[in-house]
Amino acid sequence: MPEDLTFQILDVSYEVEAGRPVIEIWARDDKGRRIVLLDDSFRPYFYALLEEGQDPSAVSAAVRRLSKPRSPITGVDLVEARYFGRPVKALRVQTVIPETVRDYREEVAKLPGVKEVLEADVRFSIRYLIDKNLYPMRWYRASGERVQRNDFVVDAVYKLSSDLAEEPSLADVDPLEGLRIMAFDIEAYNPQGSPNPSRDPVVVIGMAFNDGEKVQLQAKGHDDKDVLREFVELVRRKDPDIIVGYNQNSFDWPYLLERAKVNGLKLEVGRKRGAEPSPSVFGHISVQGRLNVDLYNFAEEIEEVKVKSLDEVADYLGVMPKDKRVNIEWWKIAEYWDSPERRGLLLAYNVDDVTSTLGLAYQFLPFGAQLSQISGLPLDQVAAASVAFRLEMRFMREARKLGELVPNRKEEEARAFETYTGAIVLEPKPGVHKDVAVLDFASMYPSIMVKYNVGPDTLLKEGERCERENQAPGVGHRFCADRPAFFRRVLERFLKWRAEVKAAMKKYPGGSPQYRLLNERQRAIKVLANASYGYMGWAAARWYCKGCAESVTAWGRELITKAVSIARSLGLQVYYGDTDSLFVANEPEKVSRLIEEITKGLEFDIKVDKVYSRVFFTEAKKRYAGLTADGKIDIVGFEAVRGDWSELAKETQANVAEIVLRTGDVRKAIEYVKAVINDLRSGKANVEKLVIWKTLTKGLDEYEAEAPHVYAARMMEKLGFKVDVGSKIGYVIVKGEGPVSRRARPYFIVKPTEIDYNYYIDKQVVPAALRILELFGVSERELKSGARQASLFDYLGKKGG
DNA sequence: CACTGTGGCCGTGGGG
DNA sequence: CCCCACGGCCAC
């Protein structure tokens with residue numbers, strides 16, 4: 001007897017059973033049960049695009065002849081579709097085993113009459129979601145027949161006996177409500193630098209659940225067998241739907257898996273018997289039936305935090321202030337573990353980490369769930385996927401709805417390195433300026449794409465004609481305006497959708513859960529819409545179109561250039577501008593005229609984004625600091641906002657900017673800098689504030705130049721620490737002879753007395769301060785002179801007479 | 001397997 | 001000494 005089911009899709013996977021693929025929909029139903037719905041009716045397929053004028057039946061017969069018994073070709077159907085907006089004929093080739101699509105595609109591509117093989121690289125479970133128009137984290141209804149299955153660790157398994165229909169009454173319910181969340185964090189023994197999983201045990205595993213329970217497992221000395229066993233047991237008992245961690249895809253899971261192997265155990269933490277976590281797409285690790293979300297992926301998108309360690313990110317988000325938690329030096333975990341007096345600190349540290357991780361989940365998952373509902377990628381994958389992939393997934397769904405075939409991603413070698421001209425940055429007018437308005441074009445690039453109907457499907461080849469055409473200035477590309485471009489349709493849908501969500505938000509009070517839910521939704525839509533221009537210029541994109549991206553920037557340059565002319569013709573002083581922004585004198589009447597002329601004359605939306613009561617520029621572009629009308633200091637581009645300068649230099653520069661902007665008192669700023677220099681000279685500085693952080697962007701042996709952070713990284717490696725591509729290297733400069741890079745040391749091996757304070761004066765604090773003070777005629781000598789304390793030599797000299 | 005684009009600044013090393 | 005490429009990060 002089929003039952004009616006109402007459920008939320010969490011994830012989709014598949015398994016080949018008895019020679020046929022079976023889709024597994026992991027869900028939870030409205031009664032709070034965890035269920036699996038099986039669908040054995042779906043089959044993998046791909047398209048063979050036919051050469052023009054080809055006889056489909058001849059090609060079809062050739063395709064059928066390729067059929068192999070292991071996974072026969074079960075269907076070859078002629079379809080009339082569109083490809084880049086043009087009508088085409090294609091064969092839809094269906095088989096049985098998803099993995100064999102790869103082999104068939106190669107062979108079919110070689111057949112005469114076949115121009116291209118399409119959509120053969122879409123993964124089977126994603127294919128299912130797209131074709132059935134299903135979105136993870138949304139609610140559906142369907143009927144299913146209960147079946148007995150012992151290989152799934154869930155409350156019930158059903159065989160689907162109907163299609164899935166979206167349940168609209170649950171569309172605006174918080175998708176995370178009622179889901180069980182577990183945060184975890186492991187501490188590994190590291191007596192020799194970085195821990196080595198084949199040698200060093202896991203000494204602590206902390207877990208925190210959203211029902212309030214917290215558990216901490218501890219090794220017996222250096223034996224972690226029971227820890228691992230208990231961990232598996234606990235995960236199964238608590239049965240979380242979502243597992244969160246911080247960097248667990250790169251560290252905790254691989255480490256636990258290796259430890260399990262060493263101990264002869266199996267890490268069966270999924271909802272499928274016998275299965276261990278396994279590597280999946282985008283560097284993500286998949287735990288069957290659960291959503292394994294690495295929160296580090298979300299943290300990476302917070303650009304305000306430069307060193308994205310868990311404590312820094314949790315501090316920034318107000319989840320756990322750094323001064324209210326236990327901080328221990330991570331490279332000394334083994335010492336803490338082995339010391340009876342200090343072990344307690346390590347345990348407390350682990351509790352704080354895992355508590356922070358759960359706190360981050362509450363911050364990030366609502367947005368992640370919306371991204372999942374909108375892009376169509378399961379929550380765990382959407383976290384790990386880049387913005388471009390999230391957008392592309394949505395494009396693939398839109399393409400299907402419009403009967404468009406999805407283009408292939410270009411092969412690596414075919415991707416030519418093609419650059420094109422970007423935006424205009426105006427020369428700033430150096431000096432301090434009073435009362436400046438900053439105007440901003442609203443979503444300039446997406447607006448251009450919509451207005452001029454830009455896209456690979458509308459880009460006209462030489463000789464092609466359309467009744468209405470838009471020609472990009474300077475670069476010559478023409479776009480057909482007779483039919484709506486694919487990008488335009490998608491973007492307009494995004495814009496309309498976002499407007500609806502924003503309108504709905506108004507119905508709820510600001511802090512309410514509904515308001516926050518909708519706010520996350522409109523943010524997710526905006527993020528996707530804003531990525532569309534960059535996506536077109538990305539050589540690996542399925543809808544890559546260099547001419548399109550080139551045209552968008554050309555129209556952008558024209559737009560800002562025209563806006564500048566209008567401003568000048570109105571007698572408005574223009575101070576600066578970058579891409580889509582314009583800094584002009586804040587004369588309200590003229591500014592309103594400017595906005596009106598741009599809006600009506602150029603047909604683009606522009607608005608006053610902010611007003612600075614004072615703002616200053618040096619001669620450098622992309623750098624300025626301002627005091628807003630409501631009393632806030634903005635620092636843009638300068639060292640103070642960069643992650644690769646010492647905290648001390650950044651702090652000094654920020655304070656100088658603030659003194660100058662608020663009081664206009666340059667003398668005061670000079671005195672302040674002198675005091676900082678004095679402190680440094682007397683060795684009073686906090687060593688932590690002298691650390692310089694830089695990312696290793698390639699392997700250590702690939703560097704041509706010996707930069708300081710590369711030298712420090714090599715040193716770390718010799719000391720037994722793992723340094724991978726992407727690691728942030730923190731170093732300080734010590735006294736001694738030779739080039740700076742030879743004097744760079746990993747910050748955690750340096751004693752305060754070894755530090756070269758002169759380096760920090762000459763190359764950090766003074767240049768950062770001067771960047772601003774030079775504008776007021778202050779010299780390096782002036783900053784350093786008065787600050788010079790009697791040196792030991794002077795002192796002795798005087799004394800000795 | 002990948003992991004959006006161009007414009008811009010500036011410290012540093014290394015060659016002449 | 002100058003000059004320029006390398007390298008990293010930031011603005012938009």
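On a predicted model such as this, the values are computed, not experimentally measured, just so you know. Quick note on labels: first sequence line is chain A, next is B, and so on, each numbered from 1.
Remark: C1' of B:dC10 and NZ of A:Lys621 are 15 Å apart, rounded to the nearest angstrom. In this structure, OH of A:Tyr576 is placed 6 Å from P of C:dC12, rounded to the nearest angstrom. Remark: C1' of B:dT4 and CE of A:Met536 are 11 Å apart, rounded to the nearest angstrom. Taking atom CD of residue A:Glu706 and atom P of nucleotide B:dG11, one finds them 20 Å apart after rounding to whole Å.
A:Ile733 and A:Tyr760 make their closest contact through N-OH, 3.1 Å (heavy atoms, listed as atom of the first residue, atom of the second, distance).
For the pair A:Arg523 and A:Phe367, the distance from NZ or CZ to the six-membered ring centre is under 6.0 Å and the angle to the ring normal is within 45 degrees. The cationic atom of A:Lys429 (NZ for Lys, CZ for Arg) does not lie both less than 6.0 Å from the six-membered ring centre of A:Phe617 and within 45° of the ring axis.
The residue A:Arg771 sits close only to the backbone: its heavy atoms come under 4.0 Å of sugar-phosphate atoms, none of a base. Across all strands, A:Lys546 comes closer than 4.0 Å to no nucleic acid atom at all (heavy-atom distances). Residue A:Ala423 is in sugar-phosphate contact alone, with no base atom involved, counting any heavy-atom pair closer than 4.0 Å across all strands shown. Among the heavy atoms of the strands lying under 4.0 Å from A:Gly534 is at least one base atom, whether or not backbone atoms are also near.
With B:dG11, B:dC10, B:dA2 as the choices, the nucleotide that has an atom nearest any side-chain atom of A:Arg409 turns out to be B:dA2. The side chain of A:Tyr420 has B:dT6 as its nearest neighbour among B:dG13, B:dT6, C:dC12. In this structure, the nucleotide among C:dC12, C:dC10, B:dA2 sitting nearest to the side chain of A:Lys306 is C:dC10. For A:Val425, taking side-chain heavy atoms from C-beta onward, the closest of the listed nucleotides B:dG8, B:dT4, B:dG13 is B:dG8. Nearest to the side-chain atoms of A:Val641 among the listed nucleotides C:dC10, B:dG8, B:dC3 stands C:dC10. Of the listed nucleotides (C:dG8, B:dT4, C:dC12), B:dT4 has the atom at the smallest distance from the side chain of A:Ser386.
Annotation: B:dC3 and C:dG8 have their P atoms spaced 16 Å apart (nearest Å).
The residue among A:Glu704 and A:Pro767 whose nearest nucleotide of DNA chain B is located toward the 5' end is A:Pro767.
A salt bridge links A:Asp756 with A:Arg743: at least one charged nitrogen is closer than 4.0 Å to a carboxylate oxygen.
The backbone N or O of A:Leu700 sits less than 3.5 Å from a side-chain atom of A:Arg714, completing a donor-acceptor pair.
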